[in-house]
Structure formats: C-alpha cells, structure tokens
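Notes follow once the structure below has been shown.
Here the structure is a predicted model, which is why all the values come from computation and not from measurement. Each chain gets a letter, A, B and so on, in the order the sequences are listed, and its residues count up from 1.
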Amino acid sequence: MAEVHIIGQILKAVDFAEPHLYCKWSLQSGNAWRLVQGEVQGQSHVASHRLQSSSDFAQPLDIHLSTASVQGWPRLLVEVYAVNVLQQSWPVGYGFVHVPSTPGTHRLEIGTWKVAPNGLWQSLRERFGGGGAALSKTDLLYSGVERYKLQTLSSGKVIVELNLIFRKFDEYGVEFK
Amino acid sequence: MEAALSRKTAKKKRKTHTTRGYRKREQEVQKLIRATEGRISGPEHDMEALSLQFFHGFEGEMQQENDFAVEDCQESDEDSGGELAEEPTDSPSQTFIHIDLHDPPLAWGQLFKQRHYYDESLLYRPSNTLHFQLHLSDLSELKDSQIRMLNRYQEQSKSKSGKLGSDLIGQLSGQKPASFLMGKHLYRSVCHRRFQSVFFPPMPPSELKGLPSRRCLKLCLKQLRFSLHPQLLEEHRLAQQLEDLFDVYSQQRKQRICRKLREELEIARQVALKLLASAGQDQTAEVKRQLKLTRQLRQRYYAESAAQRNLLQRLLKEWAKLKELRRQQRFQCTRFQLGLRVVHPPDLEASYCAWKESFETDLAEVYREHLELFYTRLRLWTDQKSHSRTATGHSKPPRKPQFDRIMASLRKEYDKTFKDPEEPYVEVFRLHADEATARLSIPGGDQLPKARNYFLKIFLDGQFVGQSRTYRLEPDLQISINECIGVLLERSLPENLNIWLYEKSTLTPKSRRLAQISTPLVLSSKDDAVQEKLSFQALSSTQLAGDVYLYYEYRSTEGWGSALHLDDVQRLPDALRQTLLPQSLPALPQASKELVTPRPPSGRIKKSQLPSLIFAEQQLQFCGLDVLLDNRRFQLLHSRHQQRNLHTKQLRFVPALEQEISEEEPLPDGRGTVQLLEPGTYWNPIDLHKHRGRKFLQLLYEVIASQSARRAKALQTPLPLLLLAEDSDRSSGTGWTALWRAFCSVFQGQRNSLPREPSGWSGHQSAPDLFKSFCVSLHVVRATGVPVRSRHILNLNERRSSAGGDMSTSLFVTQTLMYSNVRPFVTLSYGQRLCRSRTAEGSNPTWNEQLQLQIQSQFGDLRDDLKISLFDELIEQQYSDEASDVYQRVQCNWLGEFRVPINSLLASRTFEGCIELAMPKVLVGYKRPLIDSVTNMPTDQYPEFKEAVHLWFYLSIEPGGGDLAPLHSCALACAEKPELQQYLDERRLELQQLLPQPQRYVEPLVCTAQGKRVCLTRLMDPVPLPPAAVPSGENPLEICIRYVSLLSHLRSYDPCQGFRGVWLDNQSLLDSTWCSVKDLGVLLCNYMLSLGLECWLILGVSCPHGECSFVLFRQPETAELFLVSPATGKRYQLQDVHCPLRRIYCVVGKQNIYFNIQTETRVSMTHFNLQDGACWFPLFRRRVPAPQSGVQKLDYAYKRSYELSQLQKHIERKIMKKISAWRTTRKTIWNRAFQPRLHKILCDMEDLSTFSRGRYDEPIFSEQLEREFPNYRLYGFTLNFAYTNLAAISERIRTSCIHYNHDASVEFCVAVHLHAHANDVLSVWLFLLSMVPLVE
C-alpha cells in the first residue's frame, strides 16, 4: 500500500500563438492505483498575459494516490484550449507527462501539439474563428496505436511544478535514491 | 471428400506453365540440393514449390499438398508451429479478429488520398551474379542456378528486413546440409475452443507467415443507367430493353449451347447405333437408356435452338422499332446501335441437303420412338387382355403411329426451331459509334433543367470507402463511370457493399442523396471477378430508378512472394491429422478445478485441468488490489474527501499508520451515492409509496414550471431576423455563421449574440434557495369554548383547597371554579422554535397579545406547518415533608392546535379572523364547558358557545414570499380550440370591467398534469368512487368526504399550488396520494358528481390554505346548500360565519363557470343564486357551450392498501422510543394494562369521525375511562391525521408535549390504530395517555 502525494501546480503555458488560453488537465494511472484524496481532473481559468506569450494558470494540484504496483505510473494529461472574443474555444495543444519517479521537486515542461489544418480551407477556418480540429478520442493523447494517422503541428509548452512525496515504497523493495 | 475437392480446385487454379528451360534449370537445382542432403524426404517438391511460389505467388503450393499426403506429416507439423495446425479453416472469416469498422475517423477533416508510385527498384530481375558478399572460400564453385537461388532468398529476406539465414546459405551453397527440425514439444492451448487444423506445406519456420490477414478488394464501377428518370423518353426505354436483350444474346452466343448440344447429340446417336448393332439380349436395358438419352438431348436441343431463334427475332423486331421511333421523332438521344451481318447461304443446294439430311435422321428417330411406344402399348394391351377376358370389349388396341402425321408435326417443330434453308444467317453485333457522329440531342434541351451531375459513394458495411468523381448525365441517361477502387482489408471481411447515389446540386455545396444500393459481397474464388448489376430505387421520389453495373474481385495483397490466399488455406486432411496429432495429450498431474478462463456454456467440456493462471501484472504487484480497497485508512481519507458521509465529514484527524485506527471508528457506509433514508431500516411499502408519490409530484411541478418558463421565455424573445447559418445547427458556430459574426463583431464593436439557450428559467429556481430570515407575528385576541378540567383532574386540587378550608362549598362558587378552572395559553411554534403567550383564566380567555417568532431558513426548506397550540397550565402544589417547604410544579396539558401551512402563509402573507381549532376527539381529563351550568339560556342563543373552540387572531409573516415568480402557464400549449380561446379572451375583457376586485379573476384555462392547458370545466367529470363508497353502501358521501380529506397535501412553497399552477387529474392524484389543496376540491366535486349530487366547485381563499377550492353541494333531502372544506372534511352552512372560506372568486360547474361580481366579500353574506346576472357572471353562454371532459380517467381502478400490521407495530415502537428519548431525565414507564381499552376506543373512532359530523369531541369515552380507573389521574387525547411518514407522527406527538410530565410516578400508554382506505390512504389514530396513580 504504497502512497504517492502529488502536490504542485500547473504553472503556465508558454509559446502559444493564441493569447487567451485555458487548460484542461487530468491525471491518469493504471488499474492498481487508487485515488485517496484530491481531484484528478480539472480545468483552469482562462488566462492571458499582456506582454509575453505566456498564460499563468497556477492551477493547484493536490492528489493523494495509493498503489499496489508500480505499473501504470500516473501521468498528467493536459489539453490547452484557446478562447476567442466570441467565446469559442478550440484545442491548441495536447500533451502529457509522466509524473517523475523520484521524490522531490520537479519542474516539468510538457511539449504540446495540435492537429494540423488539413488544407487551405481548414486553415482559413481556423484563422477566422472557427477553430482547429480536435481529437475525437482523447486516448490518442497517450496511446500510440493510431497516432500515425495524425498530422500535427507542435505548439507551445505547459510548465508544471510538482512536489512528490512517496511513502512506504521501501516496504515493497522500491527505493528512491 | 473435401480434400479431393480442394485438390480439384487446386488443379484448376494452377495456371502457371513453366517453360522447358526453366524446368531444366529447376531440375538442376533440385539435383544439386538432393546431392547435398540426403536426409530430407521429398525435397524436390519442396524446392520446386519454393521457387514456383516465389515467382508465381502461390499456386505451387496447392499441388504440393497432393504429394505430401501422409509421409511428411511430422514435418508439416513442425513447420506450422503445432498450434497453427489446429486453426479452423472452414470459413476464412472465422479466423479473423473482427475489428469494429464503426470507429469514427481519428481526426476530423478529410481523408487522405494516397499516391502510388511506380517504383523501378521494386522490380526484381534475376541475374547470375551474386548480389551480396558471401564469405565462402569456394565461391567460384557455385553454379549459376545456385547463385540465382541465393539471390532470390536474399531478396526475400531483405524485403522482410532480415538476414539470410546461415543455414539456408549453407544449404543452398552446398556447404552445410540443412536440416529441418522436428519439434518434440506439443503445445497445449488453454482455450477450450476446438480449432480446426490448417495445412501448411512444409517450409522453414522463418518463412512461415501465418494465415493471410489482408486482402485487396478491387471494385470496378462500370456504368450507371437510369431506367426511371424524369427525363426518360420512350426511346430510352426501348434502347434499354434492347440493350438487355442484346446482353442475353451475346451471352448465349458466347456460350454456344446449341452447338455443344448438337455435338453431344451426334455422339449419343453414334453410341446408340453402335450399341444397336452389337446389341445382345442382355444389353437391351443399356440400349434403351442410350436411346432415352438421345431423345432427351434432341428435345433439349430443339428447345434451346428455338429460344435462341426467338431471341434473335425479338431483338431484330425491337431494333426495327427503335429505328422507326428514331426516324419518327427525328432525333436520337441514345447511343445504342446494332449492326447486322447477313450471310446468305453460298450454296442453296448444300444447305437444302444439310437440312434434309438432318430432318430425315430426326424423322427416322422420331418414328422409331413412336413405333417403340406403340409396340410396348400393344404388348401391354394384349397382356391385359389375356389377364382379364371379361373386360376386353372396352379397351381398343392401340393404333399404329401414322407416319404422315409424325412427319408433319416434326416439320412444324423444325420450322419453329431452325431456320429455313433459304434463310440467311444473321449475326447481330453492337456498333460503337464514335461520339462525334452520334450527335445525341433531346428536343427542347434548353428548356429542360440543366444537366444533372451524379456521383456515387461507396461504403463497405457502413464504413466509407471512397467516392466516384462527379459525372454529368448524358442525354441517353447513362453514365459510364469506369472507375476502380481498391480497398485493403485487414483482418476483416465486409459483408455488404453499400453504394449511395448522390445528385450534386449546382446551387449549394451540399448534395442530395438519391438512392441507396446494397448488395452482399460474395467471397468468390480469387480468379474471376464477380459481375453484378444492381438495381436501385430512389429513396424519396418514385421518379428515379436504375441500375449500376459493377464488378469486384478479391486479390491477395501484392506482397513479396507467396502471400497466402484465403482460399488456399486448407484443411488438414483427416488422415493426416490422425497421424499428426496425438490422440490425447497426457493429463496434467495436478487436477485443479479452478480455471481462470470461463468455461464454455456447452456441456461438452474437455476434462483438461489446468493450473490457475496468474497474470504477469499481478505477479509484479506489491499486494492485492482488494487489500488496497479494504484499507481502512484510505477509506476514511477518501470518504472524508468526498464529504458525503456524515460521520467522516467532520473528521479532523486520520492517523497516518494503519494500526492506529481503532475498529470502533465509524466506517464510511458504502461507496455509493447519498442515501436518502436512514440506513438499516428497510422501506415499508407504504412508506415507499408515500415517498415516491411526493417525489413524483415535486418532479411534476418542477418539470411543468421549467417547461412553462422556457416556453414563456421563448415567446418573449423575438426570432432573429437574419440567419446566415448554412445548416440548421446554429450553436455550432462554424462556417458562414462564425464568419458573419466575426465580421459583425469587427464592425459593430459589440457582440450580437444569437439566442443560444433561454437562461431565464433557471433564475427563479435559484431564488427560493436564498437563506432568509422571516418574522412570524401572531396576535392572539381571545378564544371561546376552551374545555375545562373535569372534576377528576380537579379533585386533587379540591382536596388540597378544602384542606386549606378557605374555599366555600356553595354551588355558585364551585361552578364558577369549575367554569374557570382552566388556565389556557397559546403557543406559536415552527420546527423547534416556540414562543408562548401569558396565561389567561377560564374557558373564554382573552390574551390580546403579540407573539413573534424568528425563522431562519431557506425558501426550499419551508415545509413544516406553523402551529398555534392551546395549552392548559396546571399548577400543582407540592408539599414536602417539611411543612414550610412548598413548591409548585407546572404542567402543560395540550388541548388543541391549529396548523397553518407555511407555504400558504408565505403566499398570502396574512391571515386574520376567527378560526376553529382542531381539537382531539377524545380528551381525557377535560370536558366541554357546560353552558347550562352557568346560565339558563339555551345553547343556540348563546353564539359564543358553539361545539368548537374558536380563536380570534391575526397572523402575518415578514417578509412574505411575494417575490415568487408566478408560473407562466399561459405559455403552455392549449388543448382548446383557437375560437374558444378567443372567446374566453373577449369574455375576460368584459368580465374585468365588472369585477369589483381584479384579483378575483381566475384564468379559466388551467394547466393539467399533462402540461397542457384545458378549460376548467373539463376537470369536472364523474370519476369512480373509492371502493368503500360504492353507492349501494350507506352514506357514500361521508366516506368520500372523509377519503378526500385524508389525502396528503404537498407542503412546498411552489407556484404550482395556486390556481395558475398545475391541476392534477384523478389518476395522478390518487396514484401519488399527494396533491395541493385545490386538487382535493376537484376530486371531491367529481365524487359528488358521480354520486349524482348537484354540486359546484368554489374557487376562493380560505384561512389556512390560501388559494383553495371548496365544494358547494345541495343536500338532496332538504335541498339545502352546504359548503364542504375538502381538506378537513367539515361541512358548513352558507351562513356560517366560522366557515374558513374567506373569499369566493368563482364557481365552477360542469356546464359553466360563474364569476362572483358581488361587491360583498364576506362569504356568509354572498348570494348563491347563480342565475342572478347581477351577482354572478356566467363565462359561457348557450351559444358557446363549455368544453367537457377529457382530463379525468374515467376507468380508474383503485388499488388495495398494503399490509398494515407491520406498520402499526412500527409506529407504536417509534412513539415509545421517541417519548423515552425525549424524557431524558426520567425513566419512562409504559403501562400496558390500558392498551386494549384504548384500542377499543380507537377502533370506533374512524366511523365516528366519518359519520358524526359537526361534533368535535366524544365526551362519553373520556367519562367512561375516568369512571373505570378512578385511582389514576388521567390525561390523554387522541390524535388523528393522514399517514405520511414516521417523522410526521413523531413531530405531532412532540408538539403535544405529553412527555413533559415531571411527576415521578407517571406512567404512559400509547395505542395505535390504522384505518386503511384504498390506495394506501391511511388514517392514523393515536391514543396517548398519561396517568398518575393517586396514592394516599
């Protein structure tokens, strides 16, 4: 019954072309993991920065997991969405990162990508407020089976700060040096 | 048999013909290989197969199988990997894992079209130089054939991105003799399914590719032809017919049936001749058979030939018709052209001769057959004659066949079947005229709509595959498409081919789907493509039909070498299988019954015991998952996090170590959702019914309220003027809409938002949830008729006072004392809060006092009743042992109460006037004040002393709930005719001028439980009576009134309760047993209607219920009008000033609605002559009759109530538990001796309360009790109310405060009696008695 505390925040999203962004996030883990306390998914506010191309979310994470196995190590999935003046939103970045397997403080950068516009019409549409294409199945975010069919563009980064506390892993012979 | 069959197909399929040179080289290679290795049996086949397979795909393998019959069995087993050998083969589709084709495409957008390049590097040309470096010493010794062989295998392995195996190199270059390994292992599959074995020809394991999993479907669309089209002309029809005919003709020509038949006929004749010539006696049967065969052949030949000739003739006739038509209409819009080639017989003589010759042979044959027939008949006849001589005269001998006649008939047949010798030989062929000369045109082509464009979309089992280009429809209504679509199928075989025909519109980018064509795909043998002509019909209009010509074929994917064809997967021959597979695997030593895999449902389970399987994932786990789930600490933490469980919600501290958690700590009960009820108790069915009924009504109100609000909102918002959306979906915000809005926002600088969702309706939903504080103020003035203490209760005091000696014993004093011995006070309570007045003296007390109560609650929680209770303060002097030490004990005895539903108080803000308190039927220890003991006046002249306790009061609430938004029921759909609605509108305007008070107007169109508005008169209908009140029984009216008064009222502050709210019909009311007060009146009125009484429904305002309905009916015996309050069941005379009805708005009869237009507001002064036009305004006139019925369910069936004994016990136990719990300081003693007596009283009570109207108490019972138990000081009362739930009962008892008895020796007794009416309407009777033994 090892336990993992994930404490931290989704700090900001940088290098995105769109000014107004919000971020949906979820924590995913394997079968042998159980949530004890905290929220495993959420959505941040819409954030924008006047000078830089960075949106500060400062979305707090405080998750307490218990596990029976190291398999299915948790990972953080983020989807960054842009919002325009008409209150329409569309995804501009998909990405994920595995929660680091060492305790302590980590600053993680999640590189994100988005679905590339498929031809001139699509890109025009994207330009004029219609938004880009979204994934129909979000498991494409992390599973590699059908990813080859996608054509993507890389977009900005999401920066996450995590403090990890591991407990009782040593009882089962897992040591963190 | 199957093996033989497959062998046959294999032979047929084998098309590859090797040249002689190739074969020679191959033999060289084989010889070489055979020289290098002697051990392998039959390698020559192997090698030949390998090479053949390499070059020609696959076909070699088939033949191999024949050669490998039995002797190579072990090798093949090894090659096919043991497990594959068990795979089933009977249907290829079974071997595939079926992947769901309905998955949506991965990314939205268009699918890619892949380009295919012709790549030179993919070709392979054999050469005699080695393509790669081979580290061998004797490279020069390699022969050309060896080098080529090596090159082949090198290429092969390269395409597989592997390396050429060293053993193969050795084998090919003669270095090392290769050896096929034979596996000793037998593989056991865990699966219980019995697979069928598949045969794979022996090959090195590295080459084995397994079963084929992909195929290529090539689909060729040839042409599309419309056989029914708006532009279809006669010529099209003819041409299409002709085309079809020509197809048949050319097919027949191709098959050459006639010629084949003729040849066969010739052969048969020859054989027959020979047989005849050499016929012995023993061969007659054979000769006969041969002759019969000849005859059959000849007849068939005739038939076929005649058909062919017929067809030709028809073809020519049609063609002539078409030509004629074309000439007549002087244009041509079809392309079809036929050409004729007429070959005149070059030599008439010869043709005559041929004809004559064939005719003569046929004639001879026919004649002989006839003769034969004749002879047999003759023989039969003679036999018959000889057998039965008596019957000879009747049957004639058969006649001899006449040659002339036979010849004539044959001649006729010949004319029909064969052409005349002079007739020329006609051959028809199709002329493909080139486009330029064809010059198709349609007359008035300019007037016709523009050329239409069509395209096809192709789906395989619902999966979109591709679409054709768009084609313009030519004047000949044909579209030649000639497109090929290749589909790569991986691990799936589509069953159906669906083709959708679209018409491309010239105006919009959207195209219209016209027709859908569906056909099952036939999995044919790979060689020949399947040609199909699919007919279709337009989906919507019948104006369109046609055919699509297409063909498709399956191919193996063009991989390297020999991709297996599906059809080539062969069953393992049985004989081979017998030897190959061991009959039974040895049983496993440990026979564990635990199988991980589920057993197949069929009974035929092989007895194979397997050890339980453990997933590798589980092996790596730290601990079991259930350990994780059962961990108490995690459970506590999680439950606290979820904030659902009351126990863990407040938990501040959860220990960090498991062993620190004590077992006693409350565990979160379940991981489920919020539990509505206390856990542990099971639901009584009656409780469940009540609970569900309330939920139903709440939900109904909620739904109708939100629906009407939404409709009202929708009616208010105007429709947008401009909708640029290309499709109906406005909210998607893509496409033109978004573009337009973007422009708008740029230019206007403000957002012009289209209405997306009417958000207004949620506004008033949230408003009642506001936390508010209310101030209820009650001004009690006075009361009359408060019961006085009976002598029995008094005697203690009397004794004390007489001991004091200052009390005179004169009659007057005693009576005054008796009359004024009660010290009543009034309390106002809501929930747990209470405030009381000062104590007044006597039976007609005056308080004139203001009571105020602060309530802090949410709107939604205001459900309880506000209670005004009357108590008697009983002061007892207690004397302790020391004479100086005197102290008092105050005891409050509950006498009666008046309940005001807080929702109606909120709605109407104030109540004032005189009310009648609800008194217990039996009040032990008290009695009615005796008037005649005070004065000598008769009772009826002394108006204050009625048989009821009246209270004058003024009740108000601040702030009221006036801000509650009314239900917009006017927005709901109306079931009445528009004319009627208009009429009602007109009448309303008329009426509003006459009404002295505008609020008297009641909308005659009300909302029913169905969410539709109907006229009020429709609600009035005679409905079935409750089963106890069938008209044959006595006093059905009383029973009905009682039944209605026992239905529960929904206490929630909801606009649906008012007149503009929801009116329930009898079914929804009786099923749920919950309603609002106005629905009770409707139900009661309907009951009276079905009892045949003359009755009306009065809509008005009453004191405790606000807007409610009363029933006015005429007593049939006395023709006197009575008012009945449906909520209490009491009836009042019209002139009764104490009637709770305060205002009358309108009177609803079955035929009409009368509005009260009298200026007099008091009910007792109102005239009830409905025909008086000055007092009452009839809504409907004779010209416009009121709409009738349609709302109530006229065949409603009542249900029986559930079993009550359990509930009775429950209630009793609950009361005892509650009273014990409330009396925290003292022990509660329950006296069971009284219980049977109390029960007996209660049993009579229901009948008494139903049938003895007007009497508010039954003094006999209390007097009896007091007489029976003189040694006790008794105080007690009965309570009666409709059952809703246990909590309501305990609330009732708590307000009566009987448990506040501080006498040390007090004993209690409780008796419960339930009286069940139909549909779980229960009347609960409680008797609570407290007794203090009088010990001296």
TODO: Taking the side chain as every heavy atom from C-beta outward, state whether B/Phe622 and A/Val70 have any pair of such atoms under 4.5 Å apart.
DONE: yes
TODO: Output the residues of residues 34-56 of chain A for which the shortest heavy-atom distance to chain B is under 4.5 Å, in residue-number order; output 'none' if no such residue exists.
DONE: A/Arg34, A/Leu35, A/Val36, A/Gln37, A/Gly38, A/Glu39
Open item on the list: If the contact rule is any heavy atom under 4.5 Å from chain B, which residues of residues 168-175 of chain A qualify, in numerical order?
Closed with: A/Lys168, A/Phe169, A/Tyr172, A/Val174
Task: B/Thr470: partners by side chain to side chain contact (heavy atoms under 4.5 Å, CB included), with sequence neighbours left out - done: B/Asn453, B/Phe455, B/Lys504
Open item on the list: As an exercise, state the distance from CG of B/Leu629 to CE of A/Met1, rounded to the nearest 0.5 Å.
Closed with: 11.5 Å
- [ ] State, to 0.1 Å, how close B/Cys623 and A/Ala68 come at their nearest heavy-atom pair, and which atoms those are.
- [x] O-CB, 3.4 Å
Open item on the list: For B/His638, which atoms come within 4.5 Å of any heavy atom of chain A: side chain, backbone, both, or neither?
Closed with: both
Open item on the list: Only heavy atoms, only distances under 4.5 angstrom. Which residues in residues 74-82 of chain A are near chain B?
Closed with: none
